[in-house]
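Each remark here refers to the structure printed beneath this line.
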4 protein chains.
Amino acid sequence: MVNTGGIAGEQLRSFIERIERLEEEKKGLAEDVKEVYAQAKATGFDPKIMRKVISLRKMDQADRQEQEALLDVYLHAIEGGEQVRPTAEVVAINE
Amino acid sequence: MVNTGGIAGEQLRSFIERIERLEEEKKGLAEDVKEVYAQAKATGFDPKIMRKVISLRKMDQADRQEQEALLDVYLHAIEGGEQVRPTAEVVAINE
Amino acid sequence: MVNTGGIAGEQLRSFIERIERLEEEKKGLAEDVKEVYAQAKATGFDPKIMRKVISLRKMDQADRQEQEALLDVYLHAIEGGEQVRPTAEVVAINE
Amino acid sequence: MVNTGGIAGEQLRSFIERIERLEEEKKGLAEDVKEVYAQAKATGFDPKIMRKVISLRKMDQADRQEQEALLDVYLHAIEGGEQVRPTAEVVAINE
DNA sequence: ACTAACCGTGA
DNA sequence: TCACGGTTAGT
């Protein structure tokens, strides 16, 4: 049996094409981003600095989420009876 | 003069927010992709292989463009006399 | 009981520092690897191909054949109405 | 001419083997890390929390470096005459 | 530098 | 066993 054009094939093709379409859209957005940087540069802003600013904003956000995640982890650990008491230690270790 | 709330600031903010919005959208699409993979997996397809397939399809596409580019390169190389690398060696080492 | 400067804290700090040291060493090795690639490139070898060679050597041969076989099956399954993609092509690319 | 045992081949092999050796060492270190986590767990610490702590410490470090990098970027931009004056804006945008 | 693949861990 | 996150490789 060499015929491979069955229903499974149809499905697979469908999935793959959906993914490829989504990837195309992503690519389009990436190009838009590039364009905005180009415009900004044209009006006199330094793209390098802009990237830094954006990355810092992202990091701040990440920090906040990380803090919450940490809290979560601790709370769960307390319930689970794991050894997490030396919280202050952690801070101390962290300089 | 410490006040920096001028027009430039407005513009910068605007650029940065546009970029951040675009990045958000990209992120959304990435999540959609993940979801499609999840569905596919749920219906019995192996995501890892799907990725391989997609990447091969992309390469095929790239290949076609590559062919044209290659022609270019050859034409230029004839003029420029670029070094030919020991590709056959590589195959040899690989058993 | 707020005092957290106990033995547990000491232990925790010790564990964490050991891990951090090991991670540092890993990072150092990663840099060394990069350097070797750079040297190789400087003497005329293509890093991309080198990576491929190394990855192939790492791959278990059995796994490799299995994956290729499965990949074949998928590719054929897709080829319901799409353009016919020669299997040998795939093998060639994958080499 | 199929013979591929030339000098280039020797060199290539040497590069590749060096890389493979370094990768082996990295792998060894990764195993050591795992072991430390295992020990820590055995003495009652929660590995998940330890990972969080380590990641936070790494982020702090990254933050500090990022700050310095940002400073650098600004200083250079000022020299270069790029539009970077709205520094306070940047901070403000950064919420 | 950014993106995609891989791997190891936790649920 | 699956899903996720972090890590590492590739472009």
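To find a chain, count down the sequence lines: A is the first, B the second, and so on, and within it residues start at 1. Just so you know, these numbers come straight off a predicted model, no measurement behind them.
With sequence neighbours excluded, the residues satisfying side-chain contact (heavy atoms from CB on, under 4.5 Å) with A:Asp72 are A:His76. Residues that satisfy the salt bridge (charged side-chain N to carboxylate O under 4.0 Å, His left out) test with D:Lys48, not counting sequence neighbours, are absent from this structure. A search for salt bridge (charged side-chain N to carboxylate O under 4.0 Å, His left out) contacts involving C:Glu20 returns D:Arg57, not counting sequence neighbours. Under the salt bridge (charged side-chain N to carboxylate O under 4.0 Å, His left out) criterion, D:Glu35 pairs with no residue at all, not counting sequence neighbours. In this structure D:Glu23 satisfies the salt bridge (charged side-chain N to carboxylate O under 4.0 Å, His left out) test together with D:Lys26, sequence neighbours excluded. B:Arg18 meets the side-chain contact (heavy atoms from CB on, under 4.5 Å) test with A:Val36, A:Gln39, B:Ser14, B:Phe15, B:Arg21; sequence neighbours excluded. Under the side-chain contact (heavy atoms from CB on, under 4.5 Å) criterion, B:Lys41 pairs with B:Pro47, not counting sequence neighbours.
Once you apply a 4.0 Å limit to the heavy atoms of chain D, the touched nucleotides of DNA chain E run 5' to 3' over E:dT9 to E:dA11.
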Notebook entry, point to check: With the sugar-phosphate defined as primed atoms, P, OP1 and OP2, and the base as all remaining atoms, what B/S/- string results for nucleotides 4-11 of chain F, 5' to 3', for protein heavy atoms under 4.0 Å?
Noted result: ---SSSSS
